[in-house]
10 protein chains.
Amino acid sequence: MLKGIPPIISPELMKVMMEMGHGDEIVLADGNYPAASHSNRIINGHGHGVADFLRAILEFFPLDTYVTFPVMLMNPVQGDEKNPVIWQTYEDIIKKTSDFPVQIEKIERMDFYERSKAAYAIIATSERAQYANLILKKGVL
Amino acid sequence: MLKGIPPIISPELMKVMMEMGHGDEIVLADGNYPAASHSNRIINGHGHGVADFLRAILEFFPLDTYVTFPVMLMNPVQGDEKNPVIWQTYEDIIKKTSDFPVQIEKIERMDFYERSKAAYAIIATSERAQYANLILKKGVL
Amino acid sequence: MLKGIPPIISPELMKVMMEMGHGDEIVLADGNYPAASHSNRIINGHGHGVADFLRAILEFFPLDTYVTFPVMLMNPVQGDEKNPVIWQTYEDIIKKTSDFPVQIEKIERMDFYERSKAAYAIIATSERAQYANLILKKGVL
Amino acid sequence: MLKGIPPIISPELMKVMMEMGHGDEIVLADGNYPAASHSNRIINGHGHGVADFLRAILEFFPLDTYVTFPVMLMNPVQGDEKNPVIWQTYEDIIKKTSDFPVQIEKIERMDFYERSKAAYAIIATSERAQYANLILKKGVL
Amino acid sequence: MLKGIPPIISPELMKVMMEMGHGDEIVLADGNYPAASHSNRIINGHGHGVADFLRAILEFFPLDTYVTFPVMLMNPVQGDEKNPVIWQTYEDIIKKTSDFPVQIEKIERMDFYERSKAAYAIIATSERAQYANLILKKGVL
Amino acid sequence: MLKGIPPIISPELMKVMMEMGHGDEIVLADGNYPAASHSNRIINGHGHGVADFLRAILEFFPLDTYVTFPVMLMNPVQGDEKNPVIWQTYEDIIKKTSDFPVQIEKIERMDFYERSKAAYAIIATSERAQYANLILKKGVL
Amino acid sequence: MLKGIPPIISPELMKVMMEMGHGDEIVLADGNYPAASHSNRIINGHGHGVADFLRAILEFFPLDTYVTFPVMLMNPVQGDEKNPVIWQTYEDIIKKTSDFPVQIEKIERMDFYERSKAAYAIIATSERAQYANLILKKGVL
Amino acid sequence: MLKGIPPIISPELMKVMMEMGHGDEIVLADGNYPAASHSNRIINGHGHGVADFLRAILEFFPLDTYVTFPVMLMNPVQGDEKNPVIWQTYEDIIKKTSDFPVQIEKIERMDFYERSKAAYAIIATSERAQYANLILKKGVL
Amino acid sequence: MLKGIPPIISPELMKVMMEMGHGDEIVLADGNYPAASHSNRIINGHGHGVADFLRAILEFFPLDTYVTFPVMLMNPVQGDEKNPVIWQTYEDIIKKTSDFPVQIEKIERMDFYERSKAAYAIIATSERAQYANLILKKGVL
Amino acid sequence: MLKGIPPIISPELMKVMMEMGHGDEIVLADGNYPAASHSNRIINGHGHGVADFLRAILEFFPLDTYVTFPVMLMNPVQGDEKNPVIWQTYEDIIKKTSDFPVQIEKIERMDFYERSKAAYAIIATSERAQYANLILKKGVL
């Protein structure tokens, strides 16, 4: 353990966040997400929800101000709840930690998958809420 | 996710528990434990306490009935609290999940370290309680 | 061995099933299947039939409810028996373990091969029945 | 599959048996055996018993005629059954396949472990019978 | 050495033949063949001719009955002998070991090369006869 | 770059500091130190002095309060300056960042080497001052 | 340390510069650059600025005289300062060390990225100035 | 050292020449050639010229008689000397060692590069003469 | 294939012989020898006898003139033939290829094994003659 | 190629020399030296003599002034020439490049071997002179 580093951030996760640069993306994936088939750089987040990671990550991680949407969510497919409750939690966390108004994009499942396969890393959580997957795009300091 | 597997158990941890055999030991290490210098087989348990893992593990993991003490704790060094509160939590969890009375050994810090270096794997948690490290010895089914 | 895990499920197979996510596929291949040339992630199932694995896997593995056909079989090429007896066995096992009616797709040999090469893993069994190969698509919990 | 090779023998097992030379030993381990902590060369035999492997192996594998005991069993520790039933099965299989009378040694658990760690490979079966572990010493052709 | 396995078959070759499935191909390459630039899975057959391997392999290896030509030769380029003597030797060996009439295809050098690059493995022999390269396609048992 | 992480701390160094546990040691080695022959875990610190790393590291790194000397220096061999000027710089940095009085041990060159070989990692700096090597022992949080 | 090699040049960087040949390119990336997602050959330059590396590298590294522009900068995107101050520093360093007049090209961000992904290596510095990224193309001696 | 093997031929180079087959190509690259970015199979020839390698290699290496040009040179780009002196040296060496008249092709720099990237190996020499790069195509014995 | 290199010598064997230096030893092992458990550097010589390798190797390999016995054989254990016929073959081959009188040592089986484990490489042949194992010690040129 | 780096120094050799620190040793081995069996870090110097490397290395490499003998030679065994001519060449090179009088130790063959096995790296040259092996101990700058 180090002073000032939240326990949920493992050495691998911290290294990944530091290695990422302007425009690189990280996926916070729920418990059912095909993380291991999308990436070779998987952060074990089993037993945690996505919001816990989001809170800890945004203490360190600058969001990209060069794009309109530095945060992305997956659009529910037809038949599923359109406005998942957890999205509100995410927006609250982001609002609290960000010093500029952050706009969030909702993208189709297959587009989300393509993006996820090109992401720098994926955190495999055990989040049970539906459509709780999240992509963060890194900005500059 | 699979039916009947608790979220805190990652694919790596399940594989490790299945690979272990009679007499093999696993360490549940607190947040300050030198896990990475003791073993090359580290399970990332960052953000969790030891008790959460203990509860999930004992659903699957038989303790060794061929030895007097299938569970080991680290004896506090002089000056530290002699009966850490968390030990009671451990005993309760073990009593609930075990079908035979389990005796727990307290061993010196350096003996614990030697044993830990020979263990099959170490789970690196973020447990903050003192003397919360635990060794489990696997039994037969 | 762990409590509640059937013996036929090796540590590697359990790890693979846990790593898989929504939409990932696993192939249960018969003894003549070109498993090693289709995948780098091969589970050694030598000496076993496909049905034994199917039974054990479906205790843990949720099938995908977002697609019409979460299970796939290989269509016999002309000249071979059209309704392999083993298919009935598979349907019985699936019916018993599934809590929703599962539809099974029959696809052409070459389509099956393409899919198999993109699958997350292949279990190489010693199944001797013809057209006994099977693909399972993972669902959500 | 190849003509004349029993299904239970995987490509890895066949390779291992062929690589072994005069005096090299292979362990047929039961389901509770600490195989993975004894060896880096593990043959996945999950779901099978030891006797199935023994039968298939002895079709190919010559036992060592330069030592008194080319086969070894583990002596039951005090309190366990002294003459495990499965030993009779083993003797029958060995008698049928061997063209010379084979003597079997019973060695202490810890001696068995030392020998196992130095063995060329270990087959990790799911054998449930007690004291079903077996060591075979390879001879010459 | 194992009972019933011809000496020319190394542990690696046996493993490769066992791993291959229906439709996979193996190349028996002559001494001048660019084996190492075509494949990462090379069987060292230095000092041997192709016919010696062919004889030993066909004891175990079923040829594919689902295709017209389960065996392929390389067509001589213009200026070279059209009916290499060694082809007759190959046909005799195949006739003796096969329980069905095997047809052999002659393909152009560049087509042979493409096929060789997609093959499961290549045996690099020291065969000196011209146009002695051979591809075998595996069948089912 | 991340918020609050000093630029001199690379992703590898941060990961190493987080992986270290109670009692693990890290070496801050000068430009002439045989770092690569002492360890396989080398942090590239070329172009920097030791003091720059010391300052950045102690923002995060707790020193061990369970031992008398959580910091170690190398004793000058006969003929070299006995009280290297840089030691005063180190003491000032440590005093500023530590919330308890830290005692520093001076150990013989060969003892320092033995300790360095057992350390968790070595930072290879380009420090030019003599006897500027430093060992830090990690404490608990 | 070696005579005549500046401390900022690590063993890895020197090796990389020596391995590069005519036309190969190296990227000197600022602290926000996505270095790790562009290349597998990353030189750790944390804590340093780009100019320090530029000065040291040009002592050894010949620029390409076969192309018009052996040095490349990234064009500011709209809204950012058009003539970053640091560019003047770069030009001064290059003028001092080069024995021929060097022309510098400014290329678009995405073109710069494509080029960076094909470069031989990337030095990941902690440079804070904007648009401080630089590509050098190696010439002949 | 072995009897009859010239000292300049390292174990790696001999292995590479033996592994090559009919039609495979090897590049003898000068000191400025981008060898490491063209190939993963680099033979260290530092401190030697190309002619020294050519002489030693042709003692063992048959040139391809199935193509018009088994040897290739790189055409000088405009402005450079059209008939590099070293080409005459090469022709003399080839004439002396070859038992048939060898024709040499001159190809454009970019074509040479494409060919070099597909070659079996590259020898990185320190040759200082311009346009001294050479490709040899292997023949049959 | 290369001019002047006998077909039985594979690229790996030639590389190994070239890498060996004064005093290094190579084992020519018969078909029953535990080659793979003695060494990680195994040359596949399946299908060949030891004498074929001996003849080819001694064309290149200088025997050590600084020791009394540069060649070693394994002494038959009691009950086996004392003067294996193949030894005469070996002596004839050595006499023909050596320019000085070579003395051969016979050492005990266990001493032979110790030496074999320290040898630079082992050639695993299919030699069927008893006590046909041979160690060669390399000399200088 | 880089400005000021002699051609005989390969990227690997330069990296090794830079990685070495105070007290680390490098072996310059003749053509018959068992380099590959003494070390895993071998620099290919085939085709060169030791003196060529010595001259190039000492341009960069400081010798150790903390020991009496920073250079070591191997003592001839009885029967060989006592004062090899090449030793004079070495002394001349060292005298020219060193700014302090360097003393050279002669050590027994077996002591030299022990030291060589612990050295940081070995350069495998093709030097033909007897007793031409040399060890250099690195000093400080």
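Chain A is the first sequence line, chain B the second, and so forth, proteins listed ahead of strands; every chain is numbered from 1.
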If we only count heavy atoms from C-beta on, is the E:L136 to E:V27 side-chain gap below 4.5 Å? no
Taking every non-hydrogen atom, the tightest pair across E:A35 and E:I42: O-CD1, 3.3 Å
Under 4.5 Å between any side-chain heavy atoms of H:F69 and H:I107, yes or no? no
Derivation and outcome, side chain to side chain contact (heavy atoms under 4.5 Å, CB included), residues H:L13 and H:I8: CA-CA 9 Å; H:L13 175 52; H:I8 201 174; 6.0 Å; no
Shortest non-hydrogen pair, E:G45 vs E:I123, comes out as CA-CG2, 4.5 Å
Between E:F60 and E:P6, which heavy-atom pair has the shortest distance, and what is it? CE1-CD, 3.6 Å
Any donor-acceptor pairs between chain E and chain H, under 3.5 Å? If so, list them.
| unit_1 | atom_1 | unit_2 | atom_2 | d |
| --- | --- | --- | --- | --- |
| H:H22 | N | E:N32 | O | 2.6 |
| H:D24 | OD1 | E:S37 | OG | 2.7 |
| H:D24 | OD2 | E:S37 | OG | 3.2 |
| H:Y66 | OH | E:D80 | OD1 | 3.4 |
| H:Y66 | OH | E:D80 | OD2 | 2.8 |
| H:Y66 | OH | E:Q130 | NE2 | 3.1 |
| H:L141 | N | E:N32 | OD1 | 3.1 |
| H:L141 | O | E:N32 | ND2 | 3.1 |
| H:L141 | O | E:R128 | NH2 | 3.4 |

